[in-house]
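Written out below as structure tokens is the structure these notes cover.
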Amino acid sequence: MAGRSLAYLTQVPVDRVKGIGPRIMKKLNGAGIHSVTDLLLHVPRRYLDRSEMFDLSAVPLDEEVTVGGTVLKVDVRRLPRNRKMTTASISDGTNVIRCTWFNPYVKVFEGSEVLMSGKVERFRGALQMKNPDIERLDDDDAMLTGRVVPVHPSAGGYSPANMRRAISNALDRSRPIAEVLPQAMLSRVGLMGRDDAMAAIHFPEEEKDGWRARHRLVFDELFRLEISLAMQKHRQIQEATGIRHDPSGEMVGAFVDALPYELTGAQARSIDEIQADMASPHPMHRLLQGEVGSGKTVVAVAGLLTGVQSGFQGAVMAPTEVLAEQHYLGIRDLLRDATLSPNPADPVGMAGTGSLFAEEQVADRGVKMALLTSNNAEVNFLPAGSASRSDVIDWIGTGEIDLVVGTHALIQEGLSFARLGIAVVDEQHRFGVYQRVQLREKAEDYDPDLLIMTATPIPRTMAMTLYGDLDVSVLDEMPPGRIPVRTVHKTRHESALAEVYDLVRSEVATGRQAFVVCPLVDESDSLEVASATEEYERLQGVFPELELGLIHGQMRPADKDRVMQRFRTGEVDVLVATTVIEVGIDIPNATLMIIEDADRFGLSQLHQLRGRVGRGAHASTCVLIAEPTTPQGEERIAAMVETTDGFRLAEEDLRIRGQGTVFGEKQAGAKDLKLADILRDVKLLIKAREEAFTMVAADPNLDEHPLIRDEVIALLGEDVEWLFRS
Ligand code: ADP
Ligand code: MG
């Protein structure tokens, strides 16, 4: 059976469907429905099964039920402030129920047939429902003869009943819908045919047929995404020219030997994986994933040194200035401890100038390192303050500098590397995919190796979609001796706050330090700064005997530096901060994290903030000050108190927020998932990924599967087109 393909139907505008004129088309377009394919993929969000409906005379109270009947009488009353109350009496012949809606969009007509879902209550002997979901059934022709009523999401103000009719017309015109997957794959995965699935998801005979059809279409959606990821990976890795680094040099060994601790098994394994990638002729594309505090930095440095000892440059890009500076200082000190730093007496500007020094091996002369942010520049072979930004940019270009740590400044126009060999991107979720491509493109004739680090625990399912083109190393083992952070929830009540302040005093008395993170202020940096400043002043009154510091995003970098430095050296006891300290900050002596209005933060942010403590040998506490006003806020606080497992929190976050917001705007592909739910559909995701990667490995350009190729291009659009250009 051939039939029309979804790819073809993406070319057919939705107004070609009977009953959809220009006015309705505009509404649908506004809701993202442009083509017949879009309409066909607008699937029911649930089904009402008429055989499971209750008679009003026997309906149970206070639980979710579906009831139906004829509307006897409607009353619409206008309320102040543009509100509207609609009341209707509905009879099914066994009894009458009174329904009330405050939703201004509800339209009920006397004499029409309706289905309603919600909770039935009894009030003064009469049945009633408040704001039930309502479905009009009248005017719905043949398609509603079955027992099951599909409830399509309304779109652009087009009601579920109208949607249902439009989709029925669209199906009539388009069927049969062409199959694109090989029969063998359908049997392997246990999927129904596409034509049957397209019909049954919209108008199933029985509810379970609808869910089986969804199973097939969810697979299709995930398969398209995984095909695009498999092709992306194939292109990036197989077809690009990489560098064969030599992992056998001596610098990495010297560095590891000089560490004041043993590597964890996970760190050693990750370093091996990275070095194996770097030694191969294909460019590395690896994600290094590990909980806050799992020790990603030393793994990254081992990778960087592998590049540097092979004669290339390394770069680290961090999302914030504070973090870039911390990485610079941390890596600089690690190199110094391993006696890999340059001799400060060495003259500058000799590399590449034909001088004697140019020939000197990096292992002998030491690693020349630089910091470069939009405001700041420093090098490890000259006294602080004596290298300007333009010096550093020049020296990156001439190859004088082996290793640079920076922010977005590293991908600015006009900065070029002499021979970038390995790029590390920290806290990738702050950067878009585009920026990682841009950094890689700073090398011209080849693709440097790329290591992406993230502390955001990504559920495996998300890693398979969001980072599906990357190989993954996981630091699933914490350095020994860490004591899990105890988390407590406190209200803003005076006596509760007094306990929190006592805790601050007692921690400081034993030589420890504390963070106080101030409330998020929506949409406004300056309000956030103002509230942090105010809180800082207020806390000075609370703790006259302590040394307080303040840090926020609008401070000059030098001032931020100074405060961080004073906190790092223990001069400041309590650091009052905005979320600028969210990621990466590593102060092992800090043992108390107080987060004000914690319910206003997202779970991953809370987890990151909590990760700022519990990094040393001392027991740490995280105090969440919150009086949640929403159920979600309450759930987040409860989750934080209950677990320190970042992966569980990430899944919880996904569940509370929904995947759309978790993926954010930046990542193409995953946000386009309409049917699939990557938590619920994880088994299908794994199968789709296996099938897609196997197919692309055997047929990298999908020459033998032109229908699949057409469909991926037609449905995923511009995001994937480049994959198919030769
Ligand atoms: P991450 O970036 O993964 O959050 P860091 O790289 O900042 O973590 O490391 C956190 C802390 O753990 C640092 O103080 C670091 O010195 C320390 N550390 C790293 N690896 C080990 C190890 N194997 N044993 C003990 N401490 C370690
Ligand atoms: Mg880090």
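Positions are given from 1 along the sequence. Remember, it's 1-based here, ligands and their atoms both numbered in the order they're listed.
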Quiz item: Can Arg269 and Asp272 be counted as an ion pair, charged N to O under 4.0 angstrom?
Solution: no

Quiz item: Do any nitrogen or oxygen atoms of Gly295 lie less than 3.5 angstrom from nitrogen or oxygen atoms of ligand 1?
Solution: yes

Quiz item: Can you find a non-hydrogen atom of Gly290 under 4.0 Å from ligand 1?
Solution: no

Quiz item: Which residues satisfy the ring-ring contact (aromatic ring centres under 6.0 Å, His included) test with Phe255, sequence neighbours excluded?
Solution: none

Quiz prompt | Under 4.0 Å to a heavy atom of Thr297 - the qualifying atoms of ligand 1, by number | solution = 2 (O), 5 (P), 6 (O), 7 (O)

Quiz item: Among Arg612, Arg482, Glu262, Arg615, which one has a heavy atom closest to atom 17 (C) of ligand 1?
Solution: Arg482

Self-check item: Pairing residues for Tyr501 by the ring-ring contact (aromatic ring centres under 6.0 Å, His included) criterion, not counting sequence neighbours
Solution: Phe543

Quiz item: Which is it for Met453 and ligand 1 at heavy atoms under 4.0 Å: side chain, backbone, both or neither?
Solution: neither

Practice problem: Could you tell me whether Asp471 and Lys233 make a salt bridge, using a distance below 4.0 angstrom between a side-chain N and a carboxylate O? | Solution: yes

Quiz prompt | Ligand-residue contact atoms, ligand 1 with Thr264, heavy atoms, under 4.0 Å | solution = 23 (N)

Quiz item: If you look at every heavy atom in Thr264 and Gln267, which pair is closest and at what distance?
Solution: N-OE1, 2.8 Å

Practice problem: Using only heavy-atom distances, determine whether the side chains of Asn375 and Glu321 contain a donor-acceptor pair under 3.5 Å. | Solution: yes

Quiz item: Which atoms of ligand 1 have any heavy atom of Ser294 under 4.0 Å away?
Solution: 3 (O), 8 (O)

